[in-house]
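We're numbering straight along the sequence, starting at 1. Everything numeric in this text was worked out from a predicted model, so none of it was measured.
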Amino acid sequence: MTSRREQRRERQRRRYKQWFHQYEVEYFIRDKYPRCPEFAVVRFAHHVCTDPKNWRGVSIAVAVDHVMQNMLRHQLTDYDQLLLVGVKRKEARRRIQPRVDAMIMTWRACAD
C-alpha cells in the first residue's frame, strides 16, 4: 500500500506529463505553419504551455489549433464586439470564422 505522499507525487508526475514543453510546441508551429511570424509562434507556444487547460490525451496539433483559433478570434476580429451588441455566440463565430481560417491558411502555406 502506498502512502499519501507517494500518491501525491504520482499525481504530480502525471499532471506534469499532460503539459507540453515550449520548445516542442514552437518546433511544431514552425514546422506546420512556416509563414507564422516569430512573435506569434512564441506567443502561441507560451499560451499552450501555460494556459491552465487539461491537455491530457490531446496531441500538440489539437492544442495548437485550439489556441490559434481562440487567440485569433478574440484578438484579431470583431468577435467580442459582436457579442457585446447582442449577436448570438454561434452566429458571431460563423461570421468571423472565414477571417480566422484565411489567416491560418496563409501561415500554413509552404514557403517557395
Indicate if [X] and [Y] have the same hydrophobic cluster label, given that clusters are the connected sets of ILVMFWY residues with side-chain heavy-atom separations under 4.5 angstrom.
{"X": "Val41", "Y": "Val62", "result": "yes"}
{"X": "Val85", "Y": "Tyr79", "result": "yes"}
{"X": "Tyr27", "Y": "Met68", "result": "no"}
{"X": "Met105", "Y": "Leu76", "result": "no"}

Are the side chain of Glu91 and the backbone of Lys88 linked by a donor-acceptor contact shorter than 3.5 Å? no
Do you know the tightest heavy-atom contact between [X] and [Y]?
{"X": "Arg95", "Y": "Arg99", "answer": "O-NH2, 3.9 Å"}
{"X": "Cys49", "Y": "Phe20", "answer": "SG-O, 3.2 Å"}
{"X": "Arg89", "Y": "Leu83", "answer": "CA-CD2, 3.7 Å"}
{"X": "Glu26", "Y": "Ala45", "answer": "CG-CB, 3.4 Å"}
{"X": "Met103", "Y": "Thr106", "answer": "O-OG1, 2.6 Å"}
{"X": "Val58", "Y": "Ala63", "answer": "CG1-N, 3.8 Å"}

So that I can tick it off, tell me whether Asp65 and Lys32 are bridged by a salt bridge, with the cut-off set at under 4.0 angstrom between side-chain N and carboxylate O. no
When you compare the side chain of Asp101 with that of Gln69, does any pair of heavy atoms fall below 4.5 Å? yes
Less than 4.5 Å apart, side chain to side chain, heavy atoms only: is that true for His46 and Arg43? no
Nearest 0.5 angstrom please: Glu24 CD to Asp31 CG, how far? 13.0 Å
Should we say atom CZ of Arg30 is surrounded by more than 12 heavy atoms from elsewhere, each under 6.0 Å from it? yes
